[in-house]
2 protein chains.
Amino acid sequence: MCSGPCQGHQGQNGRHDRVDGCCAGGGRVRGFLQARLLLLLEQEPDYGYALLERLGSETGAGGVDPGLLYRTLRQMERDGLVASTWDTEGQGPARRRYQVTPEGVEMLHAWAARIDQTRRRLGEFLDQYGKSFEDRKQEEMV
Amino acid sequence: MCSGPCQGHQGQNGRHDRVDGCCAGGGRVRGFLQARLLLLLEQEPDYGYALLERLGSETGAGGVDPGLLYRTLRQMERDGLVASTWDTEGQGPARRRYQVTPEGVEMLHAWAARIDQTRRRLGEFLDQYGKSFEDRKQEEMV
DNA sequence: CCCATCTATATGACACAGTCATATATAGCA
DNA sequence: TGCTATATATGACTGTGTCATATAGATGGG
């Protein structure tokens, strides 16, 4: 509908107020979920539902869509980055437990390099922005 | 085809070598072009073709697709973030000269806030990554 | 004059991550 | 029996970004 650096869906009051109540996921890093999953799984193998909670609590605002999470994990398995085994031990429904493959670790390193690079580019943007609005900084500080 | 933190299209040798010769634009910040355009136009009003060059020379690797650029500018105009006038003064084809509207400036501020936030999240990821691979750092330094 | 090239804007087709809604099944509890 | 929590999964859709291609004015060479 419209563009801009906004959260997913329509904001909390239905109508959107142009600047921060807007639409499409602006500012999000493409594929970042994959990187975060590789890192989490490298630290400790786990299954989807648990990863969902680890992702949620990691940062306050990092709510992740379950559908995306499961599809991403399956895709990563197809790509050979992770491997899964069914776990029927605990109570409740069976769980698909994932662990990282050597290729997954390689990919994680590639992600880290790429993210570092992206982070620098964002820094450059913010520097430029800072130069253009140095005087107006006080008003922003409210 | 596959996922990962990779450049656009198929890499330079046709076949892709899994980690850095892969496919989809991993690591890119969604909508970042809009933010960069708002900042450039705020610094100095300009037309599409010139912006293309300013974006290209800004960072070494920042090649931007012309189709995306023009469509993004038109979209931003529809959203009221920029305004355009035809310029038939110079030689060559007519140019559509853009300038930022007050709403565009507001949006730029929103973008800056969002990008700062994104940058912090990337930093957190890299910190976590660093902790997990502290020992292997030397090999990475090659 | 014709043709190639540079400048300048634009559209069509498509890939892909992410969003939202919904389906399915197991298990525990009231 | 119905309700909730756990757990995995699919369908439909949006929007950014990629790649190829179209169009047109201006310029200079053969």
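Just so it is clear: chains get the letters A, B, ... in the order the sequence lines come, proteins before strands, and each one is counted from 1.
Taking L126(B) as the reference, A112(A), I115(A), D116(A), R119(A) meet the side-chain contact (heavy atoms from CB on, under 4.5 Å) condition, with sequence neighbours excluded. Every residue meeting the side-chain contact (heavy atoms from CB on, under 4.5 Å) condition with P66(B), not counting sequence neighbours, appears here in chain and number order: L52(B), Y70(B).
In this entry the distance linking CD of Q34(B) with C1' of dG17(D) reads 14 Å, nearest Å. Here the P atom of nucleotide dT16(D) and the CZ atom of R78(B) are 10 Å apart, to the nearest Å. The nearest whole Å value for the distance from the CG atom in L69(B) to the P atom in dT16(D) is 14 Å. Rounded to an integer number of Å, the gap from CD of E89(B) to C1' of dT7(C) is 17 Å. Put simply, CG on D65(B) is 13 Å from C1' on dC14(C), counting in whole angstrom units. Following rounding to the nearest Å, M76(B) (CE) and dT16(D) (P) show an atom-to-atom distance of 11 Å. As a whole-Å value, the separation of L73(A) CG from dT10(D) C1' is 15 Å. Between L68(B) atom CG and dT9(C) atom P there is a gap of 15 Å when expressed in whole angstrom units.
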Quick test: give all pairs of protein nitrogen or oxygen and nucleotides 3-8 of chain D nitrogen or oxygen below 3.5 Å, distance rounded to 0.1 Å.
| from | atom 1 | to | atom 2 | distance (Å) |
| --- | --- | --- | --- | --- |
| dT6(D) | OP2 | Y49(A) | OH | 3.3 |
| dA7(D) | OP1 | Y47(A) | OH | 3.4 |
| dA7(D) | OP1 | R95(A) | NE | 2.8 |
| dA7(D) | OP1 | R95(A) | NH2 | 2.3 |
| dA7(D) | OP2 | Y47(A) | OH | 3.2 |
| dT8(D) | OP1 | R96(A) | N | 2.7 |
| dT8(D) | OP2 | G48(A) | N | 3.4 |
| dT8(D) | OP2 | Y49(A) | N | 2.7 |
| dT8(D) | OP2 | Y70(A) | OH | 3.1 |

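Remark: R28(A) is not in phosphate contact with dT16(D), judged by side-chain N or O atoms under 4.0 Å from OP1 or OP2.
R78(B) and Q75(B) form a side-chain donor-acceptor contact under 3.5 Å, judged by distance and modelled atom types alone.
When each of R71(B) and G67(A) is assigned the nucleotide of DNA chain D bearing its nearest heavy atom, the one mapping closer to the 5' terminus is G67(A).
Separation of atoms CH2 (W111(A)) and OH (Y129(B)) is listed at 13.0 Å; rounding is to 0.5 Å.
Listed for the S84(B) side chain is no donor-acceptor partner under 3.5 Å among the backbone atoms of R97(B). A donor-acceptor contact shorter than 3.5 Å is absent between the side chain of E42(B) and the backbone of S132(A).
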